[in-house]
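Just so you know, residue 1 is the first one in the sequence shown, and it goes up from there. In listed order, ligands and their atoms are each counted from 1.
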Amino acid sequence: MTLILLGAPGAGKGTRAEYIMEALSIPSISTGNLLREAVKNQTFLGLRAKDLMDAGKLVSDEVVVSMVKDRLMEPDCANGCIFDGFPRTLHQAEELDKITNVDMVISIEVPDEVIEERMTGRRVCQSCGATYHISSAPPKIADVCDKCGDALIVREDDSPEVVRQRLHTYHEQSEPLKGYYEAQGKLRMIVGTGTVEEGQKLIAKVLGIE
Ligand code: ADP
Ligand code: ZN
């Protein structure tokens, strides 16, 4: 099963991906996490991507697609995967169609105002990439990752100005993907404003795993 999670930044793609990953035993591929890893390791690619990411703009299709191609070759992707944050442009979607068969696309719908409020409370583990929210999904110990014990941080691109830019980028470049997948009969839309548990129920329903 190969799934795509669409939705604005902060719509909850990461949280939903973690749930699906466990429910279906398939890995989640987050291009945002892959890019942040490249930035942290100061690879050639990471150095090129950093300024664009900090500004809330998209990294080039070429870079992201080649990163995804490499990741898909790893053995854990043999039975499919969940894409979180990819594809983000029509061109990326077309390239993905050339390398794998997408079964379903779930778009998580959240209004911009809600997104802006959510982002300020977001915390991310700097080691494993797990995400938390200070009020809606807090870690057991403040600022410490439940999964690996490392410190949680606020991402640089979660500042209000950058969040607004990211929303703009999303509406302009990524939202048209809904039409692309709707035309293929693969699009499912779910409400993303409820609790984490409510979100899981909606996901389970569209996946038929209730
Ligand atoms: P978000 O919380 O906005 O969904 P991500 O962690 O998915 O954040 O991505 C962070 C940044 O990484 C994006 O703002 C963008 O600069 C870059 N990025 C991630 N995925 C892609 C992609 N598929 N194409 C282009 N740029 C990407
Ligand atoms: Zn962690």
Side-chain angles (χ1 to χ4, degrees), residues 4-18 28-40 45-72 81-96 99 105 107-108 110 112 114-116 118-133 137-177 180 192:
I4 293 172
L5 293 179
L6 282 183
K13 299 187 293 293
T15 313
R16 307 292 188 259
E18 280 174 39
S28 156
I29 300 180
S30 156
T31 43
N33 283 348
L34 290 174
L35 285 166
R36 277 185 289 279
E37 213 168 284
V39 170
K40 202 169 123 188
L45 188 155
L47 293 173
R48 281 208 293 171
K50 187 178 189 310
D51 290 344
L52 288 165
M53 293 173 72
D54 286 348
K57 304 210 169 117
L58 294 184
V59 175
S60 81
D61 289 341
E62 184 206 348
V63 164
V64 176
V65 168
S66 88
M67 219 170 57
V68 167
K69 276 187 185 159
D70 286 349
R71 182 63 186 84
L72 282 178
C81 67
I82 309 147
F83 289 106
D84 161 7
F86 178 88
R88 254 182 163 86
T89 63
L90 282 172
H91 183 66
Q92 290 178 15
E94 288 161 1
E95 290 301 306
L96 183 62
I99 50 178
V105 179
S107 176
I108 306 170
V110 180
D112 286 7
V114 179
I115 300 268
E116 288 183 32
R118 277 185 187 178
M119 302 298 244
T120 50
R122 182 150 83 162
R123 299 293 179 272
V124 191
C125 174
Q126 56 181 347
S127 293
C128 74
T131 55
Y132 301 85
H133 191 281
K140 294 197 182 76
I141 303 163
D143 299 323
V144 177
C145 180
D146 289 351
K147 301 205 170 81
C148 75
D150 209 333
L152 303 183
I153 52 163
V154 178
R155 265 166 47 180
E156 251 171 77
D157 58 352
D158 278 346
S159 73
E161 312 78 64
V162 181
V163 166
R164 272 192 287 276
Q165 172 59 49
R166 286 160 68 201
L167 281 169
H168 177 76
T169 303
Y170 168 73
H171 291 303
E172 201 174 64
Q173 305 202 54
S174 310
E175 207 166 19
L177 289 176
Y180 179 84

Colleague: Checking contacts here: is it the side chain or the backbone of K57 that comes within 4.0 Å of ligand 1, counting heavy atoms only? Could be both or neither.
Modeller: backbone
Colleague: What protein heavy atom sits nearest atom 24 (N) of ligand 1, and how far off is it?
Modeller: Q92 NE2, 2.8 Å
Colleague: Please name the residue in the list D146, V124, T15 that meets the side chain to side chain contact (heavy atoms under 4.5 Å, CB included) test with Y132.
Modeller: D146
Colleague: Pick whichever of L35, T89, L52 has a heavy atom sitting closest to atom 27 (C) of ligand 1.
Modeller: L35
Colleague: Quick one: CZ on R155 to CG on D54, what's the gap to the nearest 0.5 Å?
Modeller: 10.0 Å
Colleague: Consider every N or O of V59 and every N or O of ligand 1, then say whether any pair is closer than 3.5 Å.
Modeller: yes
Colleague: How open is the angle at the Zn ion (ligand 2) from atom SG of C128 over to atom SG of C145, rounded to 10 degrees?
Modeller: 110°
Colleague: Do R16 side-chain atoms and L5 backbone N/O form a donor-acceptor pair below 3.5 Å?
Modeller: no
Colleague: Answer with side chain, backbone, both or neither: which part of R155 has a heavy atom less than 4.0 angstrom from an atom of ligand 1?
Modeller: side chain
Colleague: Counting heavy atoms only, name the option from K13, H91, R88 that's nearest to atom 7 (O) of ligand 1.
Modeller: R88
Colleague: So which heavy atom in the protein is nearest atom 11 (C) of ligand 1, and how far is it from that ligand atom?
Modeller: M53 CE, 3.9 Å
Colleague: Using non-hydrogen atoms of the residue, decide whether Q165 is closer than 4.0 angstrom to ligand 1.
Modeller: no
Colleague: Please work out, at 4.0 Å between heavy atoms, whether the side chain, the backbone, both, or neither of V64 comes within that distance of ligand 1.
Modeller: side chain
